[in-house]
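What follows is a single structure, written as structure tokens, with notes after it.
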Number of protein chains: 2
Amino acid sequence: MKRRKTRSTPFAILGMLTIAPMSGYDMKQVIEQSIAHFWSESYGQIYPTLKRLATAGQVTRKVERNSGKPDRQVYAINAKGREALTKWLSIPAQTEPVRNEFLLKLFFGAHLPSEEITERLQEFRTRHAQSVATYKATEAQLRREHANNPNLPYWMMTLNFGRHRSQAIVDWADETTRTLQKMKSPRAAAVGNKKR
Amino acid sequence: MKRRKTRSTPFAILGMLTIAPMSGYDMKQVIEQSIAHFWSESYGQIYPTLKRLATAGQVTRKVERNSGKPDRQVYAINAKGREALTKWLSIPAQTEPVRNEFLLKLFFGAHLPSEEITERLQEFRTRHAQSVATYKATEAQLRREHANNPNLPYWMMTLNFGRHRSQAIVDWADETTRTLQKMKSPRAAAVGNKKR
DNA sequence: AAATGCATGTAACGCGTTACATGATTTT
DNA sequence: AAAATCATGTAACGCGTTACATGCATTT
């Protein structure tokens with residue numbers, strides 16, 4: 001009677017097909033250019049899942065023959081698929097267990113020289129500062145290229161989420177860098193000052 | 001020659017043992033009270049891993065016999081274990097693939113009534129607002145109870161991280177709620193106003 | 001000549017969660 | 001009387017990634 005994981009992969013794939021019919025190969029690229037900042041799928045998931053969805057009658061498959069290039073198996077979502085997707089969408093998302101290796105290492109930071117921590121922190125900050133820039137650029141691009149797309153508001157919301165979060169992390173990193181500086185400076189050692 | 005995942009579980013466990021020697025059972029509780037906001041381990045991982053670490057000579061095991069209660073297998077980290085941990089800590093954390101079901105559902109929000117989205121968003125906001133409160137409380141508690149612990153600064157950093165991130169999410173949720181309100185109000189439909 | 005892109009798929013592997021098994025003691 | 005806590009462990013299962021296999025066309 002325990003809660004079982006709602007394997008979300010088939011629904012992620014159904015969702016992608018509501019944007020446009022596409023092949024497994026396409027889908028990998030589209031995912032990387034749209035939801036990569038909060039979702040990922042590998043070919044090893046995509047191809048078998050598309051097949052299973054076709055068997056379940058939630059998507060239809062059409063073979064596109066191309067001269068030279070391999071055949072493309074193009075999938076499209078149907079009414080049954082849309083129904084299944086909508087049903088799943090209306091179930092509140094359960095919070096999945098978080099695992100952040102960076103924080104884990106920071107938690108045990110006392111076992112490393114603080115210069116090294118500072119370095120890692122800077123790398124981390126840089127990554128997220130770049131993310132903020134990317135989010136902004138993508139927002140502008142989407143507004144231009146999909147102005148009348150009914151999905152646009154929701155796409156913007158997820159981008160906005162990423163931007164807010166990354167910006168918060170940048171701010172935290174700067175604050176933490178200052179903390180580390182203070183820890184290194186002699187003033188901070190006022191209490192336990194045994195040497196000198 | 002491809003990058004393989006650095007299974008971090010054994011190192012998380014070694015790290016926990018630097019705080020204090022403990023049993024597998026203890027460790028589960030300690031993890032839940034300390035790093036749960038960015039890390040989790042199940043018994044199914046902890047027990048076998050402790051055994052393997054003992055075989056590898058990175059931890060030592062002592063049996064504590066108790067009247068009535070079952071024996072406790074208490075593990076402690078040794079020099080070899082510390083070495084392995086430090087080595088792992090100095091490797092920059094690779095960014096693991098993110099998967100956020102909430103954002104995935106929001107991304108496909110156009111398929112749901114916007115009232116439902118608003119509801120989910122509010123639940124989400126509440127969860128993170130509570131997190132912020134918990135982070136603050138935990139920070140105060142740690143400052144009191146572990147004032148002279150050399151790990152304290154690093155523990156605070158991870159808590160701070162969580163607080164910043166959750167606060168950013170709360171802010172984003174409020175902003176997004178306003179966006180949803182505007183979408184519902186008739187003014188916003190100015191462009192595509194076909195009916196009426 | 002070698003690498004990259006297009007395109008589909010399977011097999012192997014690893015990690016992690018959940019369920020199950022056991023059993024005494026303490027709390028509700 | 002039932003449920004929760006203490007305590008350890010294994011087995012089964014599922015999901016997801018990575019590696020492998022194939023092969024033509026195009027780009028470097």
Side-chain angles (χ1 to χ4, degrees), chain A residues 1-13 21-33 36 38-55 59 61-75 94-101 104, chain B residues 1-13 21-33 36 38-55 59 61-75 94-101 104:
Chain A
M1 216 85 334
K2 296 292 151 58
R3 72 204 59 160
R4 61 184 60 181
K5 279 223 178 129
T6 53
R7 37 206 130 292
S8 24
T9 294
F11 300 103
I13 287 176
M22 58 184 103
S23 69
Y25 188 83
D26 294 338
M27 192 169 294
K28 187 80 200 297
Q29 332 299 314
V30 174
I31 286 176
E32 258 148 37
Q33 287 157 30
F38 60 82
W39 204 262
S40 68
E41 294 291 351
S42 62
Y43 286 127
Q45 291 278 97
I46 293 171
Y47 283 118
T49 303
L50 279 170
K51 244 185 192 173
R52 264 185 285 120
L53 288 171
T55 310
V59 301
R61 184 213 317 243
K62 259 179 202 152
V63 183
E64 249 183 39
R65 250 165 272 273
N66 292 290
S67 58
K69 290 176 189 174
D71 291 356
R72 286 165 47 82
Q73 315 287 320
V74 179
Y75 293 85
Q94 72 252 54
T95 48
E96 40 226 304
V98 261
R99 282 190 142 210
N100 187 324
E101 200 183 288
L104 184 62
Chain B
M1 218 85 332
K2 296 292 151 58
R3 72 202 61 158
R4 61 185 60 182
K5 279 220 178 136
T6 53
R7 38 206 128 291
S8 23
T9 293
F11 300 103
I13 287 176
M22 59 184 102
S23 69
Y25 188 81
D26 294 338
M27 192 168 293
K28 186 81 199 299
Q29 331 300 314
V30 174
I31 285 175
E32 258 149 38
Q33 288 159 29
F38 60 82
W39 203 261
S40 68
E41 294 291 350
S42 62
Y43 286 127
Q45 290 277 98
I46 293 171
Y47 284 118
T49 303
L50 279 170
K51 243 184 193 175
R52 264 186 283 120
L53 288 172
T55 310
V59 302
R61 184 213 318 242
K62 258 178 203 154
V63 183
E64 249 184 39
R65 248 165 274 273
N66 292 292
S67 58
K69 290 177 188 172
D71 291 357
R72 286 165 45 83
Q73 314 287 320
V74 179
Y75 293 84
Q94 72 251 55
T95 49
E96 39 226 303
V98 261
R99 282 191 142 210
N100 187 324
E101 200 183 286
L104 183 63

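So that the names make sense, note that chain A is the first sequence line, chain B the second, and so on, each numbered from 1. No hydrogens, no waters, no symmetry mates; every other heavy atom, side chains included, goes into these values.
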Give a yes/no on whether any side-chain N or O of A/K51 is located under 4.0 angstrom from OP1 or OP2 of C/dT10.
yes
With nearest nucleotides of DNA chain D determined for B/D71 and A/P10 from heavy-atom distances, which residue corresponds to the more 5′ nucleotide?
B/D71
Within the structure, does a side-chain N or O atom of A/Q73 lie under 4.0 Å from either OP1 or OP2 of C/dT8?
no
Considering just the side-chain nitrogens and oxygens of A/T9, establish if one lies under 4.0 Å of OP1 or OP2 belonging to D/dG16.
yes
Between B/Y25 and D/dC6, is there a contact of a side-chain N or O with OP1 or OP2 at under 4.0 Å?
yes
Between P of D/dC13 and CZ of A/R7, the distance in whole Å
14 Å
Look at A/S42 and D/dT18 and indicate whether a side-chain polar atom (N or O) is within less than 4.0 Å of OP1 or OP2.
no
A/S23 (side chain) donor-acceptor with A/D26 (main chain) under 3.5 angstrom:
yes
Checking contacts here: which listed nucleotide (D/dG16, D/dA7, C/dT10) is nearest the side-chain heavy atoms of B/Y47?
D/dA7
Quick one: do A/R72 and A/V63 satisfy side-chain contact (heavy atoms from CB on, under 4.5 Å)? Show the steps, please.
CA-CA 6 Å; A/R72 286 165 47 82; A/V63 183; over 6 Å; no
For the pair made of CD1 in A/I31 and C1' in D/dT17, what is the distance, rounded to whole Å?
14 Å
What is the distance, to the nearest angstrom, from the CZ atom on B/R52 to the P atom on D/dT10?
11 Å
Figure out the CE/C1' separation between A/M22 and C/dA7, and round it to whole Å.
16 Å
Rounded distance (Å) that lies between atom C1' of D/dT18 and atom CD of A/E41:
15 Å
Nucleotide C/dT18, atom P - distance to CD1 of B/I46 in whole Å
13 Å
Which is more 5' along DNA chain D, the nucleotide nearest A/W39 or the one nearest B/G24? Just name the residue.
B/G24
Rounded to whole angstroms, how far apart are CZ on B/F11 and P on C/dG16?
12 Å
Closest contact, heavy atoms only, A/Y75 versus A/V59
CD2-CG2, 3.9 Å
Between D/dT8 and B/S23, is there an OP1 or OP2 to side-chain N/O distance shorter than 4.0 Å?
yes
On the nucleotide D/dG16, are OP1 or OP2 found under 4.0 Å from the side-chain N or O atoms that B/R99 carries?
yes
Given C/dG9, C/dT17, D/dG9, the nucleotide with the shortest approach to the side chain of B/R61
D/dG9
Any side-chain heavy-atom pair of A/R99 and B/E41 under 4.5 Å:
yes
Just the rounded figure in Å: distance from C1' of C/dA12 to CD of A/Q45.
14 Å
Side chain of A/Y43 only, heavy atoms from C-beta on: which candidate in D/dA7, C/dC6, C/dT8 is closest?
C/dT8
Going through the distances and angles, do A/V30 and A/M22 end up as a side-chain contact (heavy atoms from CB on, under 4.5 Å)?
CA-CA 9 Å; A/V30 174; A/M22 58 184 103; 3.9 Å; yes
